[in-house]
Every structure is written in C-alpha cells, then in structure tokens.
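FYI, the numbering just counts along the sequence from 1. All ligand and atom numbering here is 1-based and tracks the order in the structure.
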Amino acid sequence: MMPARLHLVSGFLGSGKSTLIRAAAQLLQLRDMRVAVITNDQGEDQVDTAWMEAGGIPARQVANGCFCCRLQDLVDQLDELAALNPEVIFAESVGSCTDVVATVVRPLQRRMPDLQCTVTTLTDACLLQSVISGTSAFVNDDVRYIFHQQLQEASVILLNKLDLLSRSDIAPLVDALQLKYPMAKVGSGSALHESLCLQWLEILDDSRQNSVLQEIDYERYAAGEAALAWFDAQLTLTGAGAGAAIATLAQRMIQSIRSKGWPVGHLKLLATGASGTVKVSMTSTQHDEVGHFTRLTDHALTLTINARVMCLPEELRTLLMHTIGQLPVAATVVRSRAFAPGYPIPAERITE
Ligand SMILES: Nc1nc2c(ncn2[C@@H]2O[C@H](COP(=O)(O)OP(=O)(O)OP(=O)(O)O)[C@@H](O)[C@H]2O)c(=O)[nH]1
Ligand SMILES: [Mg+2]
C-alpha cells in the first residue's frame, strides 16, 4: 500500500533540510502517525540516513546519484517502505539537485496516481541574503543558478535560520523572496524551533500543485554541480578519548578548509558508539559546537564524514586525509571516496 503523502524537500546544501524533516517526523510520531524518511546523496555513506535512524525514524536511502537519475531506486525504496504502511514519507533530495518536479514528482505521480506529492525548498536566510547582495562566497554563477532554480520550482519555500539574522534584516528579506518567487507560499523561522515545523505542516496540509520548470539549462546545472567536490569517508576509531579525538579532528577540518578559503556547501561528521550518536555540521553560514563529540565515552567509535566543498575533489581528499592522519587515537579508514557529481541525466522528464 502506498503512503497518502510524499513531501519532497529540496534546497541548497546545508540549508536545514534534515534538521526540519527529523523534527517534523518526530512531531508526527508524537501524534501517533506512521512516518518514514528517504534520504538521497551522490555518495553512499550518508550521514543523514544514520542521523534519521538515530532519531528513531525509519529511514531508507537512495545512493550514488540524485532521485531523478536514480528514479527506479526511489520507487524501490517506496515499495519497501510500504511494508511499514507509512502515512507520510519525507524525501530529502541532494542539496545540489534541482528540476525535481519534472523529473521526480511527475514521474512518481504517473506511476502512482493516488500519491499526493508536495515540494518544499528550504533556504538558509544568511546565504540567501549574501546571494541577493552579491557577497556570497559561492561566486560561481552556475552554483548560484542551481540555488535559484531550486527556489523557482517550489510551491512552498521556507526561509530558514532566521535566528542567525538581525531583526531588522528579516522583513526586507521575506519581501525580497516573495517578490522574486511570487508563486510560492513562503514560511519562515528556524528549524531548530518547533514553531517552524508546526507552520510547515500546516502549509503542507493546504499546499498547491507544483509547477514544472519550463526553462532549465542542463549545461549550467551540470557545471554548477561539477564545481563542487564531494568527499565521503567511513572510519573506525579505537582508544581512550576517541570522542575527544573526533572533536579535535572536526575542529582541524573546519580550520583547514577555512584557511584555504574554499566555500563550504556542507561538512558533516557523524560519530556512533554504544553511548550514542552525535552529528556536527559546518556550512557557509555557521557551524555546530565540535565539543558535542566529547559526550561519546566509548573506546570504539564509527565516524562518517560527508564533505561538499567548492574545490577540486583531489584537493579536498588530500586536505581531509591529512587531518585524519593526525588523529591521536588508532584509526582505520574503512572506505573513502572523492569525486565531483556527474552530469545529471534524469531517467524521465515530464513537462506538462
Ligand atoms: N542556527 C541555525 N542552524 C540551523 C537551522 N537549521 C539547521 N541548522 C543547522 O544547519 C546545519 C545543516 O543542517 P542540515 O539539516 O544538516 O542541512 P541539510 O540541508 O540537510 O544539508 P545537506 O543534506 O548536506 O544538503 C546544521 O548544523 C544544523 O544544526 C536554523 O534554523 N538555525
Ligand atoms: Mg541533509
């Protein structure tokens, strides 16, 4: 049996998609609803999937490509989730992916006519402000093209991370957003606070049909994606103070990327042991407290690293592997991979 509703959540790297989905899913669980999440990434070892599971949310993932290029994998995951009979599924698309209405929503609706699909795009208020004012670290025009296309196709836009902006900047930014994307219903707030979740769920209950991007330049889309480097790694660490060692590692990674001046889409680290799971993120606008890792008191920890940074993949690999090499505890790199996303080739594109 198919879920009643599928909420696709798009938005640039680090805009807060996972934070919002996790909070909304947990809120619905408290209302005794059956929910599930499907995450998506160009890589395989996904921090987001593990983080959803650690939050008690049934999660599946589509790996090694975006939903549009891996449509059948998405359909397979939906089929598998049907066994759990979820009433709501949240699907988080890759932060560098766009054109999801034509290449994901419409093809799914053709296969499953009863499926109600919504598309929400999150945007980081600080990043949006810097893009509008021309001060964004993402100077690459093609990356900014993706950023705008994601907003262009959303029927719901959430202006997130308002807690990072000064009060006087908020109203003009909301106005500018609504002016630029007049077709979208705009919500705003902070995914760290329940009020944005409540606002979002209310908007979704009343959401409108999504419109397909009529004009999308795949050359620019591909160039924007290819400008970003991906580095994924899975490590095991053993020894006293493994949690503290990860905190130091995270700090060094943040400092070393900063010192290169590379714009950061998202650097996320997730450590798991018997004592719990901790995720720490760095984006272009903020970073979490790396000290959270010291809460993990285990002698054996698994660490997943997902880095999406604007530089060459080999540069990113060299820099991050160097910091990993300085770990003060025994560490084994189980897997690692550095790459730039390939040209997006959607399995289907339906434009009506
Ligand atoms: N200050 C602040 N931080 C936020 C807010 N929402 C999310 N964050 C932080 O932003 C960072 C990235 O959040 P995620 O939810 O992982 O972002 P994402 O969009 O899922 O990122 P990708 O999956 O990599 O594209 C984390 O450090 C979050 O804690 C917010 O409203 N305010
Ligand atoms: Mg995410």
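- Close contacts of ligand 1 with L13, meaning ligand atoms under 4.0 Å from a residue heavy atom, involve 25 (O).
- Protein atoms that are N, O or S and lie under 2.8 Å from the Mg ion (ligand 2) are these: S18 OG, D48 OD2, E92 OE2.
- Counting atoms of ligand 1 from 1 in the listed order, those under 4.0 Å from a heavy atom of K268 are 22 (P), 23 (O), 24 (O).
- For the 3.5 Å distance criterion, the side chains of Q149 and T98 fail to qualify, holding no donor opposite an acceptor.
- We find the CZ-CD distance between R60 and E80 to be 5.5 Å, quoted to the nearest 0.5 Å.
- Atom 3 (N) of ligand 1 has its closest protein heavy atom at L192 CD1, 3.7 Å.
- Side-chain atoms of W51 and S18 include no donor-acceptor pair closer than 3.5 Å.
- Closest heavy-atom approach to atom 24 (O) of ligand 1 within the set K161, Q46, H266, M282: this belongs to H266.
- Of all protein heavy atoms, the one lying nearest to atom 25 (O) of ligand 1 is K17 NZ, 2.6 Å.
- Judged by distance alone, the side chains of S96 and E225 do bring a donor and an acceptor atom under 3.5 Å apart.
- Looking at ligand 1, you won't find any N or O of G189 less than 3.5 Å from one of its N or O atoms.
- The atoms of ligand 1 that sit less than 4.0 Å from any heavy atom of S281 are 11 (C), 26 (C), 27 (O).
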| task | Step by step, work out the salt bridge (charged side-chain N to carboxylate O under 4.0 Å, His left out) result for D232 and R308. | result | CA-CA 9 Å; D232 290 338; R308 290 83 181 89; 2.8 Å; yes

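- Here is the list of ligand 1 atoms found below 4.0 Å of a heavy atom in D288: 26 (C), 27 (O), 29 (O).
- Ligand-side atoms of ligand 1 in range of K279: 14 (P), 16 (O), range being under 4.0 angstrom from any heavy atom.
- Proximity of H193 to ligand 1, defined as any heavy-atom pair under 4.0 Å, is not found for any part of the residue.
- Residues L165 and I132 are members of one and the same hydrophobic cluster, defined by side-chain heavy-atom contacts under 4.5 angstrom among Ile, Leu, Val, Met, Phe, Trp and Tyr.
- Considering only non-hydrogen protein atoms, atom 6 (N) of ligand 1 sits nearest to N160 ND2, 3.1 Å.
- Using modelled atom types, one finds no donor on one side chain facing an acceptor on the other under 3.5 Å when comparing S93 with N40.
- Nearest non-hydrogen protein atom to atom 15 (O) of ligand 1 is T19 OG1, 2.5 Å.
- The protein non-hydrogen atom at the shortest distance from atom 11 (C) of ligand 1 is Q286 OE1, 3.5 Å.
- Ligand-side atoms of ligand 1 in range of S190: 30 (C), 31 (O), 32 (N), range being under 4.0 angstrom from any heavy atom.
- In this pair, W230 and F339 present their aromatic rings tilted. The plane angle is within the 30 to 60° band.
- Counting heavy atoms closer than 4.0 Å to ligand 1, residue L162 contributes nothing at all.
- Relative orientation of the F90 and H7 rings is tilted, given thresholds of 30° and 60° on the angle between their planes.
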| message | Between D99 and R349, does the salt bridge (charged side-chain N to carboxylate O under 4.0 Å, His left out) criterion hold? Intermediate values first, please. | response | CA-CA 9 Å; D99 200 26; R349 185 163 198 278; 2.6 Å; yes

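- By the 4.0 Å N-to-carboxylate-O rule, E348 lies close enough to R111 to be salt-bridged with it.
- Those atoms of ligand 1 with a heavy atom of L164 less than 4.0 angstrom away are 1 (N).
- Salt bridge present: R5 and D205 bring a charged side-chain N and a carboxylate O closer than 4.0 Å.
- Residue-to-ligand polar distances keep L20 apart from ligand 1: every N/O pair is separated by 3.5 Å or more.
- Looking at H287 against ligand 1, nothing comes within 4.0 Å, counting heavy atoms.
- Here the protein heavy atom with the shortest distance to atom 17 (O) of ligand 1 is G16 N, 3.1 Å.
- Comment: R70 engages D73 in a salt bridge, judged by a side-chain N to carboxylate O separation of less than 4.0 angstrom.
- Using a 4.0 Å cutoff on heavy atoms, G14 counts as a contact of ligand 1.
- No donor-acceptor pair under 3.5 Å is formed between the side chain of D48 and the backbone N or O of T39.
- What sits closest to atom 32 (N) of ligand 1 on the protein, heavy atoms only, is D163 OD1, 2.8 Å.
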| said: Walk me through whether Y343 and E219 qualify under side chain to side chain donor-acceptor pair (under 3.5 Å). | reply: CA-CA 8 Å; Y343 197 102; E219 295 301 323; 3.0 Å; yes

| task | Mind running salt bridge (charged side-chain N to carboxylate O under 4.0 Å, His left out) on E202 and K185 for me, showing each step along the way? | result | CA-CA 12 Å; E202 230 169 78; K185 172 99 183 144; over 6 Å; no

